[in-house]
Amino acid sequence: MADNVFALVDCNAFYVSCERVFRPDLESRPVVILSNNDGCVVARSDEARACGVPMGEPIGQVRHLIRRHGIVVFSSNYALYADMSSRVMATLSLFADALEVYSIDEAFLRFPCRHGGAAALGDRIRRTVLRDTGIPVSVGFGPTKTLAKLANRCARLRLDGSACVLDPATGGVSVDRLLEETPVEAVWGIGRQHARRLRRAGICTARLFRDAPDGWLRETCTVVGLRLAHELRGRSCLSLETCPPAKREICSSRAFGRPVHERSVLAEAVATYTGRAAVKLRRQQSRAAVVSVMIESDAFRAGPQYRRTSTRRLPVPTADTGVLLAHAVACLDAIYRGGITYRRATVMLSEISSAAHVQPDFFAPHDHQCSRRLMAAVDAINGRFGADTVRYAGSGLERAWTMRRRRLSPRYTTVWRDLPQVRA
DNA sequence: TCTGGGGTCCTAGGACCC
DNA sequence: TCTGGGGTCCTAGGACCC
């Protein structure tokens with residue numbers, strides 16, 4: 001008998017739903033959301049799916065469908081989605097003490113024990129989130145996280161949107177039957193490679209996977225696969241992570257909106273990405289000891305490719321954007337070569353440690369107090385008036401290289417964006 | 001005309017030490 | 001003439017997630 005019940009709450013077509021909250025006229029119309037640089041489809045409404053738009057497809061491949069069906073297209077508006085996500089999570093936190101924010105549009109909730117009212121609770125969650133945030137969600141319950149995930153998938157397929165409870169003891173859906181009807185690749189944690197290997201071995205359903213011998217599972221899908229099978233058997237192996245562990249590496253990487261050749265332009269991008277990574281670093285109260293910069297040519301274009309990484313170790317771990325920036329630009333100078341068409345730059349911060357345990361370097365004097373207060377002030381201003389309101393001049397003014405977002409919706413929930421920008 | 005970004009975990013294999 | 005074995009650390013690469 002399991003001690004806990006897990007619920008997985010998943011926002012339906014989350015990015016589309018966010019846009020619809022502020023554009024009710026889009027209800028029941030086909031809508032798709034594009035990735036950064038307006039590259040490919042990362043979210044679609046049910047109507048767009050019915051038009052035959054596949055997930056992850058490059059926009060160019062579905063342009064004819066967009067025209068034919070009058071599909072409404074948006075660039076990704078992450079500022080809006082992140083804000084809506086925090087509203088949804090805040091609402092969910094009213095229902096359970098133990099909540100794990102699993103992704104921008106999903107959360108696991110844990111309830112202390114099995115009880116008969118799960119279906120009703122699920123429907124209350126759905127109604128409340130919809131009423132308070134405008135976002136429709138699906139809810140699945142199960143004795144383990146993997147089963148809750150599966151139940152959620154089942155709920156999403158239901159026409160009335162009601163919650164799915166995987167718990168035979170209380171008259172819910174039969175676990176065996178659901179597992180039998182679920183293709184093995186639909187199990188959370190089984191990707192393309194493992195699915196192919198499993199199918200070759202005749203394991204085509206979640207039920208056959210669950211009932212496979214432990215030794216064989218371990219051999220075929222490593223301990224990760226074995227753990228999943230245990231979870232499907234109802235033995236909880238994946239615990240709820242209520243406070244996310246600090247990231248061990250932080251990365252900011254983006255393709256440019258247009259081809260880039262000049263060192264000065266790359267330097268602007270590297271400075272911008274370093275600034276973003278540093279914000280993430282400070283947000284989790286950490287310092288980094290290593291900075292890496294990678295620049296690369298366009299892998300999708302024919303011809304010789306260029307890709308180089310340069311890494312520098314800092315004398316003292318820091319979260320000071322200015323210090324990180326100086327090292328990042330030095331990295332860039334070590335690998336920049338003229339005559340190449342660059343398409344992407346990446347800045348990575350690693351060997352991350354807690355800000356509480358930094359040992360200052362006696363021989364490299366640096367005013368930590370001053371740096372900390374400056375960064376705190378910058379973060380406070382940007383938190384209030386929008387990211388990049390105050391930034392290092394090195395990150396550029398015009399920034400013609402930034403990603404394409406031709407179909408960006410307004411920033412409905414962050415009103416200060418249009419204030420004049422200030423340079424640090 | 002295009003083809004995203006940001007993570008984690010696991011394993012294998014090499015280097016190195018005692 | 002013989003060329004062990006166990007342990008740790010690091011890195012690269014694979015696989016997976018949303």
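With both ends at atom P, the span from dT3(C) to dC17(B) equals 23 Å, rounded to whole Å.
Across dG4(B), dA15(C), dC17(C), the shortest atom-to-atom separation from the side chain of W188(A) is found for dC17(C). When distances run from any side-chain atom of S252(A) to the nucleotides dC2(B), dG5(B), dG6(B), the shortest one goes to dG6(B). Here the side chain of R254(A) is nearest to one of dG7(B), dT1(B), dG6(B), namely dG6(B). Proximity note for P58(A) (side chain, C-beta onward) versus dC9(B), dC2(B), dG5(B): the nearest is dC2(B). The side chain of V224(A) sits closest to dC10(B) out of dC2(B), dC10(B), dG6(B). Among the nucleotides dT8(B), dA15(C), dG4(B), the one closest to any side-chain atom of C40(A) is dG4(B). Proximity note for Y102(A) (side chain, C-beta onward) versus dC16(C), dG4(B), dC17(C): the nearest is dC17(C). In the set dG4(B), dC16(C), dC10(B), dG4(B) carries the atom at the smallest distance from any side-chain atom of Y78(A). Side-chain proximity of C251(A) to the nucleotides dG7(B), dC10(B), dC16(C) is greatest for dG7(B).
Note: E106(A) CD to N152(A) CG = 7.0 Å, rounded to the nearest 0.5 Å.
Between L349(A) atom CG and dG7(B) atom C1' the separation is 14 Å, expressed in whole Å. In this structure, the CE atom of M403(A) is 17 Å from the C1' atom of dC2(B), given to the nearest Å. Note: NE2 (H64(A)) to C1' (dT1(B)) measures 14 Å, nearest angstrom. Rounded to an integer number of Å, the gap from R248(A) CZ to dC10(C) C1' is 14 Å. If you take CG of N37(A) and P of dC2(B), they are 10 Å apart, rounded to a whole angstrom. If you measure from atom CZ of F256(A) to atom C1' of dG4(B), you get 14 Å, rounded to the nearest angstrom. A straight line from CZ of R258(A) to P of dT3(B) spans 15 Å, rounded to a whole angstrom. In this structure, Q193(A) atom CD and dA15(C) atom P are separated by 4 Å, rounded to whole Å.
Checking the phosphate oxygens (OP1, OP2) of dC16(C), no side-chain nitrogen or oxygen of K149(A) falls inside 4.0 Å. Side-chain N/O atoms of R197(A) include one lying less than 4.0 angstrom from OP1 or OP2 on dA15(C). Applying the 4.0 Å criterion to OP1 and OP2 of dT3(B), one finds that R343(A) has a side-chain N or O inside that range. Phosphate proximity of dG4(B) to R404(A): absent, as no side-chain N or O sits under 4.0 Å from OP1 or OP2.
Ring pair Y15(A)/Y78(A): centre-to-centre distance below 6.0 Å.
The partner of dC18(C) is dG5(B), judged by Watson-Crick or G-U wobble contacts that both fall below 3.5 Å.
Heavy atoms of D38(A) sit nowhere under 4.0 angstrom from any nucleic acid atom. Counting non-hydrogen atoms under 4.0 angstrom, I190(A) reaches the backbone sugars and phosphates but no base. If you check every strand for non-hydrogen atoms under 4.0 Å, R63(A) touches a base. Counting any heavy atom pair closer than 4.0 Å across all strands shown, G60(A) reaches a base atom. Counting any heavy atom pair closer than 4.0 Å across all strands shown, R227(A) reaches sugar-phosphate atoms only and no base atom. Here I250(A) lies in heavy-atom contact (under 4.0 Å) with sugar-phosphate atoms only. Here E57(A) lies out of heavy-atom contact (under 4.0 Å) with every strand.
By the rule that a glycosidic angle within 90° of 0 means syn, dC2(C) does not qualify and counts as anti.
The heavy-atom pair separating S85(A) from I104(A) by the smallest distance is OG-O, 2.7 Å.
A residue-by-residue look at G39(A) and K280(A) shows that G39(A) has its nearest nucleotide of DNA chain B further toward the 5' end. Place R218(A) and K247(A) on DNA chain B by their nearest nucleotides, and K247(A) ends up nearer the 5' end.
Among the candidates F95(A), F141(A), F6(A), Y102(A), the single residue satisfying the ring-ring contact (aromatic ring centres under 6.0 Å, His included) test with F108(A) is Y102(A).
Under 4.0 Å is where a charged nitrogen must lie from a carboxylate oxygen, and between R210(A) and D176(A) at least one such pair does.
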Stepwise, does the side chain to side chain contact (heavy atoms under 4.5 Å, CB included) test hold for Q305(A) with E296(A)?
CA-CA 8 Å; Q305(A) 299 291 326; E296(A) 53 192 309; over 6 Å; no
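For the pair D320(A) and M375(A), the minimum side-chain heavy-atom distance is below 4.5 Å.
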